[in-house]
Amino acid sequence: RDLVARLRSLRDGPTTEADERVGAAIIYEALGDRLAANRPLAGDLSLANLRRQFAEPPGLILTEQGWQVPSKVLAGDPVFGRHRAFHPQVPGARQLWVTLQVRDPSLEDCLAVIGECARTRRRPEGEDVAVVLETLRLLAGFLASEAPSPHTAKRLRRLSLWTSRGWTTLRPVYAVDDPALAEGLGGEYRVWLPGGRLSQFKALFEPLRIHAVSSDDVTVIDPGAATVDEDATRLWRSAVSSLQSDFAFNEPSAAAALRMTWDRLSAFEVRTNADLRARVSGLGGDRGVEIPVRAKADATAQVLYLADGQDLRRVDVGGQAVASLFDADRRQIAQAWLAACAAAADERAVQPIELAIQRAKQESAHTHEEMEARLGAIRQETAEHIMA
């Protein structure tokens, strides 16, 4: 009772903003401790009376938006920024917020906040950059754990998204995990720009009707126009050796995520074409869409195509192209590639390390090739015997 009375006098009395904030935090922590201990003293407020006291306008919860009643406040980290009031982040006060029935953010809150950001029609700036990013993460968590109702599903399909063409409720919108490809597509097509790597938003693709475009949907146009860059190829092979060693010592799961053997990766050539262009399938039209690109790794031809050999050292170009050859976090691979290029450029001696899982993968691939060759020969002999 005394703590609540002190909180009310703090709210209504003349005080500085800093003193008000710190004083309220001390009281919230004390109330949280008392409630968590669950040992009522003579004269204490009942829980129902405590809730009534906090619910009397203008409220007794001091938020970034001023004093609020519990029904107007959300619990947890302030992911919505200025768009919603959250309880103050006070250590030890959790039981107070639980007792006051301060609710967690909901899926509906996420949709409403995204809508408010979109209605500005402006690029997310300042605090709103983090608000959009964290709200999408929260929304992805909701959708990964529970299917939306039919009404909510309809709203999701028309949710405003920030794209390379601005805010839009129209579809299709494309999710592109390769920055070089996204840049090439973004001028003509609506490419989604959530603010973070796409792997964390996969649960949103289907509900929001977002079409994912991968590196496998991209083929280089006129590959013969690209010429071998000997310097870049030497750097490539040295950097691949550094990357293999780094992953063997520090990131074995990343090493195992390579979709080919390390020997095959090392054997790539780097070829350059200042007018490098690629065809993207799945965007409409039988022939696909032609766009300029900065890089494209062709695993079948064992070639890394670049618009400029210097781009091999860039995280968002060479690094992302290398990352497309791994079934792993592309950001992690691209960053590691930058370090590998730096080590290669310094001509640091690297002892290649081959893990057991890599040897097993290489042996499996070799055995598969031999089996296919043997079966092919048997089929040929059988066909010739039948013909005879």
Side-chain angles (χ1 to χ4, degrees), residues 174 176-178 180-181 202 205-206 211-230 232-234 236-237 240-241 243-244 247-248 252-273 275-291 293 295-306 320-328 330 333 352-388:
Y174 299 100
V176 184
D177 59 2
D178 184 336
L181 176 58
K202 286 185 178 179
F205 288 1
E206 183 177 349
H211 179 75
V213 178
S214 73
S215 298
D216 295 336
D217 298 317
V218 183
T219 55
V220 171
I221 297 172
D222 192 14
T227 58
V228 176
D229 187 321
E230 298 291 352
T233 299
R234 281 192 293 271
W236 167 273
R237 289 174 180 162
V240 166
S241 181
L243 188 68
Q244 179 184 5
F247 284 170
S253 60
L258 179 62
R259 297 203 297 263
M260 63 186 70
T261 65
W262 285 95
D263 286 345
R264 183 171 175 81
L265 182 65
S266 181
F268 270 52
E269 279 187 335
V270 178
R271 300 181 185 177
T272 59
N273 178 2
D275 189 31
L276 187 64
R277 300 183 66 81
R279 181 174 291 108
V280 185
S281 60
L283 302 183
D286 295 336
R287 289 177 48 80
V289 176
E290 295 185 8
I291 60 168
V293 293
K296 173 68 175 105
D298 187 330
T300 302
Q302 290 182 264
V303 174
L304 174 67
Y305 294 97
L306 294 173
Q320 288 291 335
V322 172
S324 70
L325 302 172
F326 287 77
D327 292 321
R330 294 189 64 145
I333 302 297
I353 300 294
E354 188 174 48
L355 300 178
I357 191 171
Q358 296 165 353
R359 293 197 301 273
K361 181 186 289 187
Q362 186 164 339
E363 181 180 344
S364 176
H366 182 65
T367 301
H368 177 73
E369 290 176 0
E370 290 183 328
M371 290 170 61
E372 287 296 309
R374 181 65 59 84
L375 288 170
I378 292 173
R379 294 188 192 101
Q380 181 65 27
E381 290 175 6
T382 301
E384 291 174 356
H385 178 73
I386 292 173
M387 292 292 292

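Remember, it's a predicted structure, so these values are computed and weren't measured experimentally.
Closest of all the heavy-atom pairs between Val213 and Tyr174 is CG2-CD2, 3.8 Å. Pairing each heavy atom of Thr300 with each of Arg264, the nearest pair is O-NH2, 3.4 Å. Closest non-hydrogen pair, Asp217 versus Ala212, comes out as OD2-O, 4.2 Å. Of all the heavy atoms in Ala297 and Ala321, the pair that sits closest is CB-O, 3.6 Å. In terms of heavy atoms, Phe247 sits closest to Ala255 at CB-CB, 3.7 Å. Among all heavy-atom pairs drawn from Gln302 and Ala267, the shortest one is NE2-CB, 3.5 Å.
Asn273 places none of its side-chain heavy atoms less than 4.5 Å from the side chain of Tyr305. Two residues are said to be in side-chain contact when any heavy atoms from C-beta on lie closer than 4.5 Å; Leu325 and Phe268 meet this criterion. Counting heavy atoms from C-beta outward, Leu276 and Leu306 have side chains that stay 4.5 Å or more apart.
A distance of 12.0 Å separates CD in Glu381 from CD1 in Ile386, rounded to the nearest 0.5 Å. Atom CG of Leu181 is separated from atom CD1 of Ile291 by 4.5 Å, given to the nearest 0.5 angstrom. Atom-to-atom distance recorded for Ser266:OG and Leu243:CG is 11.0 Å, nearest 0.5 angstrom. Residue Glu230 holds its CD atom at 15.0 Å from CH2 of Trp236, rounded to the nearest 0.5 Å. Taking CZ of Arg279 as the reference point, atom CD1 of Ile221 lies at 4.5 Å (rounded to 0.5 Å). In this structure, OG1 in Thr227 is found 9.5 Å from CZ in Arg271, a value given to the nearest 0.5 Å.
Between Asp222 and Arg277, none of the side-chain N atoms (NZ, or NE/NH1/NH2) sits under 4.0 Å from a carboxylate O, so this pair counts as no salt bridge.
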Evaluate the side chain to side chain contact (heavy atoms under 4.5 Å, CB included) criterion for residues Val220 and Asp298: first the C-alpha distance (whole Å), next the side-chain angles of each, then the deciding distance (0.1 Å), finally the verdict.
-> CA-CA 8 Å; Val220 171; Asp298 187 330; 5.9 Å; no
Apply the test side chain to side chain contact (heavy atoms under 4.5 Å, CB included) to residues Arg330 and Asp178: give CA-CA distance (whole Å), side-chain angles for both, the deciding distance (0.1 Å), then the verdict.
-> CA-CA 9 Å; Arg330 294 189 64 145; Asp178 184 336; 3.9 Å; yes
